[in-house]
Protein chains: 2
Amino acid sequence: MAQDSVFGEIPGNPPGTTYADREAVKRAGLQRHLQGGISGHPAQGADAIIVSGGYVDDRDYGDRIIYTGQGGRATATKPAKDQELSGNNLALAISGQTGLPVRVIRGAGGDAAFSPKAGYRYDGLFVVVQQWSEIGVEGKLVQRYVLEASDGGASWETSGATSSTRPVGRAAPSRSSSVVQRIVRNSVITQWVKDLYSGTCQICRTQLQTPVGFYSEGAHIRALGAPHDGPDTVDNVLCLCPNDHVLFDKGALYIADEQVFRAADDSLVGDLLVSKDHGIDWSHAAYHREHFARAH
Amino acid sequence: MAQDSVFGEIPGNPPGTTYADREAVKRAGLQRHLQGGISGHPAQGADAIIVSGGYVDDRDYGDRIIYTGQGGRATATKPAKDQELSGNNLALAISGQTGLPVRVIRGAGGDAAFSPKAGYRYDGLFVVVQQWSEIGVEGKLVQRYVLEASDGGASWETSGATSSTRPVGRAAPSRSSSVVQRIVRNSVITQWVKDLYSGTCQICRTQLQTPVGFYSEGAHIRALGAPHDGPDTVDNVLCLCPNDHVLFDKGALYIADEQVFRAADDSLVGDLLVSKDHGIDWSHAAYHREHFARAH
């Protein structure tokens with residue numbers, strides 16, 4: 001029976017601790033395998049990853065890591081094939097959904113700016129902030145992830161809690177018993193777009209009426225930050241309800257010819273609501289379509 | 001014409017700066033009025049509040065403040081009346097919607113644990129994390145707010161940006177140009193409830209299908225933290241889609257007799273989906289109904 005994943009810090013192994021080899025990493029309880037980057041379980045999430053080079057498009061910015069999934073690589077005897085969103089690749093994506101922290105262990109094979117000279121080093125907790133798939137250098141699908149350094153991440157108690165046993169909980173909970181699942185940011189740019197549409201969702205036309213006015217969210221079409229590098233400009237932002245914002249960001253929906261489609265089967269959802277004063281740059285929608293809404 | 005609000009830090013006035021009186025606070029540009037606690041505009045939000053005692057149920061926990069709106073107090077010649085969610089009270093609620101930081105200036109009249117001995121002191125940026133209304137000590141409606149110390153809050157550029165002029169934006173934005181509009185936390189407790197319903201929204205039955213599984217959010221019925229002090233237990237959590245989570249948290253919806261109603265007109269939305277294994281404590285729903293879904 002698979003061992004339960006242990007999320008968060010492992011006592012006695014603070015950030016900065018070094019290990020001679022993968023055996024030592026495994027012995028310390030930081031990562032459960034001797035080979036392969038991702039440690040986890042598809043139902044629970046990924047508790048740790050090894051960052052030690054591996055894919056030509058991977059990037060390491062210190063507090064931000066662009067990572068690639070496992071499998072599908074061409075070998076001497078087999079051609080490359082699509083990476084599946086299953087097994088450990090799915091586990092890492094699940095972590096993006098739950099917000100659970102991922103231990104990052106850097107190896108000597110990675111970016112010289114951040115890698116240890118030899119062996120491995122535990123570099124703290126990160127969270128998966130994005131996940132998408134795209135055609136890689138071998139012409140096949142690869143699973144990609146962005147992880148960002150977490151501000152402390154909770155030590156999520158897993159013993160017994162992921163079973164069907166009813167968890168006890170706390171009458172007066174501390175902040176440290178929870179993790180961030182989703183964070184929505186606002187800015188002058190997103191606020192302008194939301195005001196333009198009076199909080200009307202450009203996909204489903206809903207206006208969430210609260211006592212304080214209409215609630216909506218600004219969604220960047222081409223994602224901000226490396227590697228997507230979408231601009232923070234009004235031509236790259238949609239006014240969406242929270243539900244469609246989640247679906248769009250996770251690639252369940254895409255836009256083509258000012259219409260909205262479901263990625264799972266390319267079925268039509270409807271026309272995108274577009275104001276004559278908005279000036280959307282449709283190349284951003286093409287980027288999103290290509291990178292976030294690949295065939296599932 | 002009303003002056004544009006200036007959000008965030010005022011240069012030359014770092015946290016800790018003291019002021020002899022309200023005149024000095026106004027001269028420094030921290031708060032625009034000589035009387036009254038809230039400074040702001042209903043369309044833009046509240047840029048500053050004075051915390052100096054004022055309402056018997058107000059609380060000051062240092063990094064968390066429970067505050068009351070303006071108006072409606074009984075005077076020598078007039079009886080008490082309901083506080084409206086308009087003017088400065090609406091402005092402070094709008095700040096809860098946008099995530100814009102609020103400057104907090106403490107005066108000598110507040111809680112001895114955190115107030116200056118005399119005069120006023122600027123104590124940094126806070127964000128409005130909750131807003132609700134309830135019957136106060138004078139038997140009339142009062143507007144209540146919870147503010148939490150912000151981790152730095154952006155200096156949101158307001159000049160020209162809140163007009164209809166198309167804002168320029170940035171190709172490579174820095175994190176500091178945005179503020180947190182909404183944050184969703186996950187925990188063992190909320191995850192258990194979401195798993196119980198397989199991500200099905202207990203209000204609208206939707207399952208948000210993403211490539212990684214169903215996305216849903218755990219919503220505490222009776223809010224966590226002072227002054228509501230709801231427990232972090234599964235009997236106090238609903239599995240909701242993001243849209244209904246927003247509506248429920250903001251008091252646009254309420255629950256009575258296992259049915260869901262719109263607070264604006266008490267119209268029926270439908271039955272709440274309830275699993276036989278959930279064990280909801282309906283007293284939490286009664287608390288939420290009383291405090292968050294008052295007549296609007």
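In what follows, chains are A, B, ... by sequence order, proteins preceding strands, each numbered from 1.
Interface remark: B:Leu224 contributes side-chain atoms only to the contact with chain A (heavy atom separation under 4.5 Å). In this structure, the portion of A:His278 lying under 4.5 Å from any heavy atom of chain B is its backbone and not its side chain. Of the two parts of A:Phe248, neither the backbone nor the side chain holds a non-hydrogen atom closer than 4.5 Å to a non-hydrogen atom of chain B. Neither the backbone nor the side chain of B:Ser95 comes within contact range of chain A; no heavy atoms are under 4.5 Å apart. Proximity to chain B (any heavy atom under 4.5 Å) is shown, for A:Val193, by neither the backbone nor the side chain.
Heavy atoms of other residues, nucleotides or ligands lying less than 6.0 angstrom from CD of A:Gln207 number more than 12. When the shell of 6.0 Å around CD of B:Gln209 is examined, it contains more than 12 heavy atoms from other residues, nucleotides or ligands.
Side-chain contact between B:Ile183 and A:Val180 is present, with heavy atoms from C-beta onward closer than 4.5 Å. Taking the side chain as every heavy atom from C-beta outward, B:Val212 and A:Lys250 never approach each other to under 4.5 Å. Between B:Ser187 and A:Val179, every side-chain heavy-atom pair lies at or beyond the 4.5 Å cut-off. Put simply, the side chain of B:Arg182 does not reach to within 4.5 Å of the side chain of A:Arg185, judged on heavy atoms.
Of all heavy-atom pairs spanning B:Pro167 and A:Val234, the tightest one is CG-CG1, 3.9 Å. The nearest pair of heavy atoms linking A:Gln97 to B:Phe214 is NE2-O, 3.7 Å.
Rounded to the nearest 0.5 angstrom, A:Ser178 OG and B:Ile189 CD1 are separated by 11.5 Å. A:Trp192 contributes atom CH2, which lies 5.0 Å from atom CZ of B:Arg166 (distance to the nearest 0.5 angstrom).
Contact count versus chain A (heavy atoms, under 4.5 Å) is highest, among B:Leu247, B:Leu208, B:Asp235, for B:Leu208. The greatest number of non-hydrogen atom pairs below 4.5 Å with chain B, out of A:Leu253, A:Thr206, A:Thr210, A:Asn243, is found for A:Asn243.
Under the salt bridge (charged side-chain N to carboxylate O under 4.0 Å, His left out) criterion, B:Arg222 pairs with no residue at all, not counting sequence neighbours. Partners of A:Asp277 according to the side-chain hydrogen bond (donor to acceptor under 3.5 Å, both in side chains) rule, which considers only residues two or more places apart in sequence or in another chain, do not exist here.
Put simply, the side chain of B:Asp232 never gets that close to the backbone of A:Gly169: no donor and acceptor are under 3.5 Å apart.
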Can B:Thr233 and A:Arg170 be said to form a side-chain contact (heavy atoms from CB on, under 4.5 Å), step by step? CA-CA 6 Å; B:Thr233 48; A:Arg170 284 179 245 194; over 6 Å; no

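Judged purely by distance below 3.5 Å, without hydrogens or angles, the side chains of B:Gln181 and A:Lys194 pair a donor atom with an acceptor atom.
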